[in-house]
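In what follows, a single structure is set out as structure tokens and then discussed.
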Number of protein chains: 2
Amino acid sequence: MILKSQVEWALHCCAILAGLPEGRYLSTKALAEFHGLPKEYLSKALQSLSQAGLVHTTLGPSGGYRLARTPAELTFLDIVEAVEGKARTFVCNNIRENNPCRPQGYCESSPCAVSRFMWEADEAWRAKLRSVRLSDLTEALAQEIPAELWKSSFEWVLERAG
Amino acid sequence: MILKSQVEWALHCCAILAGLPEGRYLSTKALAEFHGLPKEYLSKALQSLSQAGLVHTTLGPSGGYRLARTPAELTFLDIVEAVEGKARTFVCNNIRENNPCRPQGYCESSPCAVSRFMWEADEAWRAKLRSVRLSDLTEALAQEIPAELWKSSFEWVLERAG
DNA sequence: TTATTAAGGATATAAAATATCCCTATTCCA
DNA sequence: TGGAATAGGGATATTTTATATCCTTAATAA
Ligand code: SF4
Ligand code: SF4
């Protein structure tokens with residue numbers, strides 16, 4: 001069970017978009033080039049963000065993406081779920097209904113304890129992701145990335161932002 | 001990102017094995033029949049449990065599996081990791097090294113903030129799984145499964161246990 | 001001796017992730 | 001006003017993973 005790489009891409013792209021000045025947009029092309037990613041496929045991840053309402057888009061030259069909310073109002077969970085989906089990571093195949101001792105016509109009313117415990121763990125994962133804001137990420141990155149690289153990256157992006 | 005169905009199978013099988021009297025073994029065949037699962041493939045999941053040291057096995061007629069520890073000493077995490085592996089669910093592809101502004105020869109020392117936050121969430125998931133013991137599961141199942149079905153299932157298993 | 005079992009290697013099939021291609025409508029700009 | 005650049009989305013191809021089956025071997029109980 002491994003998250004799609006699009007999750008990482010989306011998080012990095014949002015981190016970049018978080019540094020974009022008000023009202024400006026950054027294209028798929030620029031984001032793909034900056035991260036060294038396949039443009040067409042990254043585009044699918046960005047479309048997921050768009051469909052989830054996390055980013056705004058415009059068309060035409062100088063078009064692209066910008067965040068739909070402030071970085072403090074965007075959580076990791078928003079981004080992860082936009083790309084990976086909201087489905088729980090444990091799916092119940094209801095194998096208990098194959099129990100040969102099960103009475104005819106007997107119908108289980110609710111998910112069994114196995115799924116409940118697994119879903120609690122799933123929820124713990126989501127709760128943690130929900131507690132991390134995009135602004136937390138950008139603050140942490142600003143701390144750990146060398147000031148010069150941080151600055152030149154910002155300039156690189158601004159040159160290409162529409 | 002969805003857990004393999006073998007995870008559910010392994011949890012249900014362990015729940016059954018937890019009810020087995022001391023010193024007795026239950027075969028793949030019986031476990032597969034009880035849960036309505038493909039015997040050969042379920043066997044792979046049970047082999048994973050065996051390799052992880054969670055169950056003991058014996059060969060020959062009346063051979064099969066029994067728990068290697070008491071249900072109170074076995075956690076959900078033990079079982080999930082035995083089947084699904086211990087690898088983290090977020091893998092870092094180090095795309096930051098594609099940053100065009102990155103100085104030549106510059107080498108990132110440690111994983112960036114993105115992976116750290118994602119790994120914290122992963123750890124929250126594991127911590128929750130670690131906190132649930134197999135005995136918690138059997139207690140919950142004993143509560144929610146009708147007494148009669150619980151009893152007949154136990155008898156069904158005992159008839160086939162070596 | 002014979003039947004039965006776990007273990008594990010080899011292989012086949014189905015599903016999901018990854019990736020590319022192409023067409024459309026929109027928008028900017030020369 | 002026309003051409004270039006953009007997001008969106010459908011179709012398709014490739015690669016990887018999950019699912020499933022088959023077969024051989026060694027151990028064991030009866
Ligand atoms: S997890 Fe529970 S509800 Fe889901 S299949 Fe297993 S027994 Fe049924
Ligand atoms: S998550 Fe961090 S360490 Fe991993 S690739 Fe992205 S930037 Fe690099």
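Chain letters run A, B, ... following the sequence lines, proteins first and then strands; every chain starts at 1.
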Using the rule that Ile, Leu, Val, Met, Phe, Trp and Tyr join whenever any side-chain heavy atoms are under 4.5 Å apart, tell me whether B:Val7 and A:Val91 fall into a single cluster.
no

Checking A:Glu123 against A:Arg116 for the salt bridge (Lys or Arg N to Asp or Glu O under 4.0 Å) test, could you report, in this order, the C-alpha distance in whole Å, the side-chain angles of both residues, the deciding distance, and whether it holds?
CA-CA 10 Å; A:Glu123 181 48 40; A:Arg116 290 205 310 278; over 6 Å; no

Short N-O contact, B:Asp78 and B:Arg69, less than 4.0 angstrom
yes

Can you name the atoms? Protein N/O to nucleotides 16-21 of chain D N/O, anything below 3.5 Å, with the distance.
residue: D:dT19; atom: OP1; partner: B:Ser5; partner atom: N; Å: 3.3
residue: D:dT19; atom: OP1; partner: B:Ser5; partner atom: OG; Å: 3.2

Check the hydrophobic clustering (I, L, V, M, F, W, Y; side-chain heavy atoms under 4.5 Å; chains of links allowed) and say if A:Ile145 and A:Leu137 are grouped together.
yes

Check the angle between the aromatic planes of A:Phe34 and A:Trp156 and answer parallel, tilted or perpendicular using the 30° and 60° thresholds.
tilted

I need the CD-C1' distance between A:Gln47 and D:dA11, as an integer number of Å.
14 Å

Have A:Ser48 and A:Gln51 got a donor and an acceptor in their side chains that come within less than 3.5 Å?
no

Would you mind classifying the nucleic acid contact of B:Ser43 as base, sugar-phosphate or nothing, using non-hydrogen atoms under 4.0 angstrom?
nothing

B:Tyr25 and B:Tyr65: aromatic ring centres closer than 6.0 Å?
no

Qualifying residues under ring-ring contact (aromatic ring centres under 6.0 Å, His included), relative to B:Trp9, sequence neighbours excluded
B:Tyr41

Contact list please: residues 54-68 of chain A against DNA chain C, heavy atoms, distance less than 4.0 Å, in numerical order.
A:Leu59, A:Gly60, A:Pro61, A:Ser62

Between the two end axes of the helix from C:dT1-D:dA30 to C:dA30-D:dT1, each built from 5 base pairs, what angle do you get to the nearest 10°?
10°

Under a 4.5 Å side-chain heavy-atom rule over Ile, Leu, Val, Met, Phe, Trp and Tyr, are A:Val80 and A:Ile2 clustered together?
no

A:Asn93 side chain to B:Ser5 side chain, donor-acceptor N/O pair below 3.5 angstrom:
no

Among side-chain atoms of B:Ser50 and B:Gln47, is any donor-acceptor pair under 3.5 angstrom?
no

Salt bridge flag under 4.0 Å for residues B:Glu155 and B:Lys151:
yes

Co-members of the apolar cluster containing B:Leu59 [side chain, <4.5 Å]:
none

Bounds of contact between DNA chain C and chain B, in 5' to 3' order, using a heavy-atom cut-off under 4.0 Å
C:dA3 to C:dA17

